Amino acid sequence: MIRNTRQRDAIRQVFCELRRPLSPQEVLEQARRRLPRLGLATVYRNLKAMEEDGWLSTVQLPGRPLLYERADKQHHHYFECRACHRVYDVPACPRNLNRLVPQGFEVEQHEIVLYGRCHACAARD
Ligand SMILES: [Zn+2]
Ligand SMILES: [Zn+2]
């Protein structure tokens with residue numbers, strides 16, 4: 001059980017440090033700095049358990065495998081870098097999207113994904 005706790009702590013730490021939606025592979029790479037022998041199957045198992053516990057939630061963006069993020073976030077949107085494929089949070093929301101739809105329509109919910117280059121990738125060119 002002690003081993004399990006250490007794995008869970010290392011994964012939790014990754015989300016607290018990076019503060020963006022992460023794939024299981026990204027979690028593995030980061031958590032291995034603390035636990036070099038951590039494996040992908042273990043990461044998957046822990047992510048699933050942490051989702052069931054309500055600490056993580058899943059993020060499904062078009063054309064990508066499932067990502068995970070902390071479940072305690074406010075309403076927000078995403079930015080996907082086309083160069084490094086990292087996904088970042090966008091805290092802003094345009095609100096009042098009813099002005100975009102024809103008269104008589106009512107928007108009930110929305111998802112927004114912005115695409116471009118992140119700060120690091122834009123600086124590289
Ligand atoms: Zn990038
Ligand atoms: Zn919004």
Side-chain angles (χ1 to χ4, degrees):
M1 280 328 276
I2 286 172
R3 229 177 99 228
N4 271 329
T5 307
R6 278 178 49 215
Q7 290 166 349
R8 193 72 58 96
D9 284 347
I11 290 170
R12 202 177 281 128
Q13 193 76 30
V14 170
F15 282 97
C16 292
E17 279 170 9
L18 291 186
R19 297 162 179 273
R20 60 182 186 81
L22 299 169
S23 67
Q25 188 63 42
E26 285 177 303
V27 172
L28 176 68
E29 284 163 18
Q30 295 296 320
R32 268 189 175 160
R33 294 174 181 194
R34 284 190 176 74
L35 300 174
R37 295 204 289 182
L38 194 65
L40 190 57
T42 305
V43 169
Y44 269 109
R45 200 169 52 240
N46 276 281
L47 291 175
K48 242 183 150 24
M50 290 162 82
E51 187 200 351
E52 280 160 16
D53 290 351
W55 199 82
L56 286 177
S57 56
T58 54
V59 180
Q60 181 72 73
L61 299 189
R64 295 188 61 122
L66 217 55
L67 303 174
Y68 289 84
E69 69 179 2
R70 287 180 59 163
D72 60 357
K73 294 192 171 178
Q74 306 283 337
H75 175 79
H76 63 288
H77 298 294
Y78 302 103
F79 181 100
E80 180 178 325
C81 177
R82 286 179 146 161
C84 67
H85 303 292
R86 291 190 175 102
V87 175
Y88 297 86
D89 286 347
V90 175
C93 176
R95 317 260 171 214
N96 189 23
L97 293 171
N98 270 318
R99 61 191 143 87
L100 298 181
V101 297
Q103 199 157 21
F105 286 53
E106 284 176 26
V107 177
E108 293 180 338
Q109 66 173 74
H110 63 268
E111 293 175 12
I112 298 172
V113 188
L114 303 173
Y115 297 91
R117 277 177 298 166
C118 72
H119 184 265
C121 292
R124 210 173 296 135
D125 298 332

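A quick note: this is a predicted structure, and the numbers were derived from the prediction, not measured. Counting starts at 1 for both ligands and their atoms, following the listed order.
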Below 2.8 Å, can you find an N, O or S atom of H77 next to the Zn ion (ligand 2)?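 Yes, since at least one N, O or S atom of H77 sits under 2.8 Å from the Zn ion (ligand 2).
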How long is the span from the SG atom in C93 to the CD atom in Q74, to the nearest 0.5 Å?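 Between C93 SG and Q74 CD, I get 12.0 Å after rounding to 0.5 Å.
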Quick one: CZ on R70 to CG on D89, what's the gap to the nearest 0.5 Å?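 So the CZ of R70 and the CG of D89 are separated by 11.0 Å.
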Charged N to carboxylate O below 4.0 Å: is that the case for R12 and E17?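 Salt bridge: no.
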Angle at the Zn ion (ligand 1): provide the value between SG of C118 and SG of C81, rounding to 10 degrees.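 Value, to the nearest 10 degrees: 120°.
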H75 atom (N/O/S) at minimal separation from the Zn ion (ligand 2):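 The atom in question is NE2.
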Give a yes or no on whether C84 keeps an N, O or S atom under 2.8 Å from the Zn ion (ligand 1).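 Yes, C84 qualifies, because one of its backbone or side-chain N, O or S atoms lies under 2.8 Å.
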Short N/O/S contact of H119 with the Zn ion (ligand 1) (below 2.8 Å):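 Coordinating: no.
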If you have a sec, read the angle at the Zn ion (ligand 2) from C93 atom SG over to H110 atom NE2, to 10 degrees.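 It rounds to 110°.
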Quick one: do the E69 and H76 side chains pair a donor with an acceptor below 3.5 Å?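 Side-chain D/A pair, E69 to H76: present.
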Please state whether the rings of H110 and H77 are parallel, tilted or perpendicular, taking 30° and 60° as the class boundaries.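 The rings of H110 and H77 sit tilted, inter-plane angle from 30° to 60°.
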